[in-house]
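These notes concern the structure reproduced below.
When reading the values below, keep in mind they use all heavy atoms of this one structure, side chains included, and skip hydrogens, waters and symmetry mates.
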Amino acid sequence: MSDKKIFTDSGIEIKEVYSPSTVNHQASTELPGEFPYTRGVQPDMYRGKMWTMRQYAGFSTAEESNKRYHYLLSQGVSGLSVAFDLPTQIGYDSDHELSEGEVGKVGVAIDSIEDMERLFKDIKLENVSTSMTINSTGFILLAFYVALAKKQGADLKKISGTIQNDILKEYAARGTYIYPPKASMRIITDIFEWCAKDLPKWNTISISGYHIREAGSTAVQEIAFTLSNGKAYVKAALDKGLDINIFGKRLSFFFNAHNNLFEEIAKFRAARRMWAKIMKDLGATDEKAMMLRFHTQTGGATLTAQQPLNNICRVTIQTMAAVLGGTQSLHTNGYDEALSLPTEQAARIALRTQQIVAFESGAPDTVDPLAGSYFIENLTDEVEQKAWELVNKIDAMGGSVNAIEQGFMQDEIARSAYEYQRNIENGSKIIVGVNKFTVDKEEPIPGFKIDDSIRQLQIEKLNKLRSKRDNGKVNECLQSITAAAKGGTNLMPLVIAAVENYCTLGEISDTLRRVFGEYK
């Protein structure tokens, strides 16, 4: 036996060999589709239904993004996933002074329902499932989507998709918040309440560990902080008098997949087990309300600008981790994303990676194929145990909102990110092509460039919209939003009415800024 010690990035020691004596045997009798769902939320998993292959896309104008969506649908994606630009994410129209230099850059610019119509031109919303990565303005984008579905004559009971709508991780890791935590939580519970009645198939929140991981957390921190945030949303909904067995079924999660194959698989299995216990303790009795359903995206932070074609291999490993870990839907990153938005070729290879794993690898043929492995079962237990320690710490602080306000999560993530970077710099962590196996001369990779003239196009559209709409009606709509925000009635019906009367995203955001203030 060698005396060399090896640890995962979460600090879990990996033994040289695993045997029956190292495993908790209770796991070996558990079946997929049964509480606590360690082995998956469906008894037949991918034999019954393949995961949704959902490629995240959105850039420049709605027209350009619409072309990419039609291309992806023609290549076999089974769900759309929309990336929004920074001004849209933080509630500014494209003509706002703070939007300069950012319009259409990291996603698509959406200012009004007219942009939403252009984004989904010739796509029937009843026939696709759409995920929207949007948080502080999630309720406005959902209103645009619902208003468009109504225009198309769709049955709202059949409309399916997800808004990310997870504001707590924005304060902890990502930064695209607008309002203070309590006001933001109120908007989120308004969405839960409205959708439960009017949009029953919509996933009202995708509680996101992805950005926590991208900010530098470990795998253990990713699930601990995400599940704690989930708990805070559930408690806020319960305080509002909502039924956990109804809204609990519409909660979904969003995780990252990194390169340590076995730790990532263990992380997904542990997260399901933990969430089932959390929901049961909070009073859920319906099985579907205890199931952790999640979308995975491969790790953006793991992509290297050096030797970018190596990223195809990284994304493949991460895809295997997500599939072997039991994901419900998956986005695979383009190999060139450390350099620019993905080119069409990179997006196609990313989708083909999923299709090859689905149809050529055999990985989906049996449910939870690594169950019973001494190593995987042991690692699942260790990840879970370490994650509970963090969850209990957060509970002792009074929950996620308090832990974020005290800076606990932010400090923990920063410490892990620093540690990881230090290990790369001292060579104890090898990143192929970065600190080992480097080349003197890189082959240039053609990038995907966004033109700065996009902002001018959006401004022209906004000017046209404002000149032809009924501005008296617009003011009425914004006044009724102000009254509801102050009075505590549900905002969703009023925001939908506002977007149907051509109020812009920025106007609605600003109306609420005046009532709720901004978080600094």
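- The aromatic rings of Phe192 and Phe247 lie parallel to each other, their planes meeting at an angle below 30°, with 60° marking the opposite boundary.
- Contact detail for Thr319 and Gln354: the closest heavy-atom pair is CG2-CA, 4.4 Å.
- Side-chain contact, Thr176 with Glu170: a donor N or O sits under 3.5 Å from an acceptor N or O.
- Considering all non-hydrogen atoms of both residues, Ile113 and Ala147 come closest at CD1-CB, 3.4 Å.
- Annotation: Glu518, atom CD; neighbour count of heavy atoms from other residues, nucleotides and ligands within 6.0 Å is above 12.
- Expressed to the nearest 0.5 Å, how far CG of Leu80 lies from CE of Met132 amounts to 11.0 Å.
- Interatomic distance, Asn135 CG to Ile178 CD1, rounded to the nearest 0.5 Å: 10.0 Å.
- Between Glu264 and Asn256, the side chains place no donor N or O within less than 3.5 Å of an acceptor N or O (distance only, hydrogens not considered).
- Taking the six-membered ring for Trp and the full ring otherwise, Trp275 and Phe253 have centroids separated by under 6.0 Å.
- In the model, Gln89 has no side-chain atom that pairs as donor or acceptor with a side-chain atom of Tyr177 under 3.5 Å.
- Just one of Lys150, Arg469, Lys151 meets the salt bridge (charged side-chain N to carboxylate O under 4.0 Å, His left out) condition when paired with Glu500; it is Lys150.
- Applying the side chain to side chain donor-acceptor pair (under 3.5 Å) test to pairs two or more places apart or on separate chains, those with a residue in residues 478-495 are Glu193-Asn490.
- Remark: the Asn259 side chain and the Gln318 side chain contain an N/O donor-acceptor pair separated by less than 3.5 Å.
- When atom types are taken as modelled, the side chain of His70 and the backbone of Lys121 share a donor-acceptor pair closer than 3.5 angstrom.
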Intermediate values then yes/no, side chain to side chain contact (heavy atoms under 4.5 Å, CB included), Val146 and Ile159: CA-CA 9 Å; Val146 168; Ile159 294 292; over 6 Å; no
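- Listed for the Ser60 side chain is no donor-acceptor partner under 3.5 Å among the backbone atoms of Gly104.
- Side chain of Thr137 to main chain of Thr88: a donor-acceptor pair is present (N/O by atom type, distance under 3.5 Å, no hydrogens or angles).
- Of all heavy-atom pairs between Ala224 and Ala387, the closest is CB-O, 3.6 Å.
- Using modelled atom types, one finds a donor on one side chain and an acceptor on the other under 3.5 Å when comparing Gln221 with Ser416.
- With hydrogens and angles ignored, the 3.5 Å screen pairs no side-chain donor or acceptor of Glu97 with any backbone N or O of Asp95.
- Gly299 approaches Tyr210 most closely through the heavy-atom pair C-OH, 4.0 Å.
- For Lys461 and Asp111, the salt-bridge test fails: no basic side-chain N is under 4.0 Å from an acidic carboxylate O.
- Arg54 contributes no side-chain N or O that, together with a main-chain N or O of Thr296, makes up a donor-acceptor pair within less than 3.5 Å.
- Side chains of Arg352 and Gln355: a donor-acceptor N/O pair is present below 3.5 angstrom, by distance only.
- Taking NE2 of His295 as the reference point, atom OG of Ser206 lies at 7.5 Å (rounded to 0.5 Å).
- When side chains are defined from C-beta on, Leu339 does not count as touching Leu303, because their heavy atoms never get closer than 4.5 Å.
- No donor-acceptor pair closer than 3.5 Å links the side chain of Asn203 to the backbone N or O of Ile205.
- Both tests pass for Arg513 against the ring of Tyr92: distance under 6.0 Å to the centre and angle within 45° of the axis.
- Checked options Gln42, Arg273, Arg269, Met290; the residue passing with Tyr37 is Met290 (criterion: side-chain contact (heavy atoms from CB on, under 4.5 Å)).
- Ile163 has its side chain out of reach of Thr133: every pair of non-hydrogen atoms, C-beta onward, lies at least 4.5 Å apart.
- A parallel orientation is assigned to the rings of Tyr69 and Phe120, their planes being inclined by less than 30° (bins at 30° and 60°).
- Contact of the Ile212 side chain with the Asn229 side chain is registered, since non-hydrogen atoms from C-beta on lie closer than 4.5 Å.
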Going through the checks in order, is the side chain to side chain contact (heavy atoms under 4.5 Å, CB included) test met by Phe225 and Ile413? CA-CA 10 Å; Phe225 296 164; Ile413 294 166; 3.8 Å; yes
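- Residues Ile508 and Val499 form a side-chain contact, since some pair of their non-hydrogen atoms from C-beta on lies under 4.5 Å apart.
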Give the intermediate values and the outcome of side chain to side chain contact (heavy atoms under 4.5 Å, CB included) for residues Leu251 and Tyr233. CA-CA 10 Å; Leu251 304 175; Tyr233 294 123; 5.6 Å; no
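- A distance-only check finds no donor-acceptor pair linking the side chain of Ser65 to the backbone of Ala62 [under 3.5 Å].
- Between Asp190 and Arg186 there is a salt bridge, since a side-chain N of the basic residue sits under 4.0 Å from a carboxylate O of the acidic one.
- In summary, Glu102 and Lys105 do not engage in a salt bridge, as defined by a charged side-chain N under 4.0 Å from a carboxylate O.
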Could you walk me through whether Val128 and Ile123 pass side chain to side chain contact (heavy atoms under 4.5 Å, CB included), step by step? CA-CA 8 Å; Val128 292; Ile123 296 171; 3.9 Å; yes
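- Residues Ala321 and Ile265 approach most closely at O-CG1, 3.7 Å, considering heavy atoms.
- Side chain to side chain, Arg293 and Ser329 fail the donor-acceptor criterion of an N or O pair below 3.5 Å.
- Side-chain contact check for Pro308 versus Asp336: every heavy-atom pair is 4.5 Å or farther apart.
- Here the side chains of Tyr179 and Ser509 are in contact, with some heavy-atom distance below 4.5 Å.
- Looking only at atom types and distance, the side chain of Asn333 has a donor-acceptor partner in the side chain of Gln297 under 3.5 Å away.
- Annotation: side chain of Tyr335 is in contact with side chain of Gln345 (closest heavy-atom distance under 4.5 Å).
- In terms of modelled atom types and a separation under 3.5 Å, the side chain of Asn245 and the main chain of Ala284 share no donor-acceptor contact.
- A donor-acceptor pair is defined here as one N or O able to donate and one able to accept, closer than 3.5 Å; such a pair exists between the side chain of Gln410 and the backbone of Ile404.
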Could you please spell out the steps behind the salt bridge (Lys or Arg N to Asp or Glu O under 4.0 Å) verdict for Lys169 and Glu222? CA-CA 10 Å; Lys169 67 96 179 41; Glu222 179 190 349; over 6 Å; no
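- A salt bridge links Arg118 to Glu114: one of the charged nitrogens lies within less than 4.0 Å of a carboxylate oxygen.
- Taking a cutoff of 4.0 Å between a charged side-chain nitrogen and a carboxylate oxygen, Arg455 and Glu460 do not qualify as a salt bridge.
- One N or O on the side chain of Thr511 and one on the backbone of Glu507 form a donor-acceptor pair closer than 3.5 Å.
- The aromatic rings of Trp51 and Tyr46 stand perpendicular to each other, their planes meeting at an angle above 60°, with 30° marking the opposite boundary.
- For Tyr519 and Tyr171, the ring centers sit closer than 6.0 Å to each other.
- In this structure, the separation between CD1 on Ile110 and OG1 on Thr61 is 9.0 Å, given to the nearest 0.5 Å.
- The shortest side-chain heavy-atom distance between Ile349 and Val315 does not fall under the 4.5 Å cut-off.
- The closest side-chain donor-acceptor pair between Arg174 and Ser208, if any, does not fall under 3.5 angstrom.
- To the nearest 0.5 Å, the span separating SG on Cys195 from CE on Met492 amounts to 6.0 Å.
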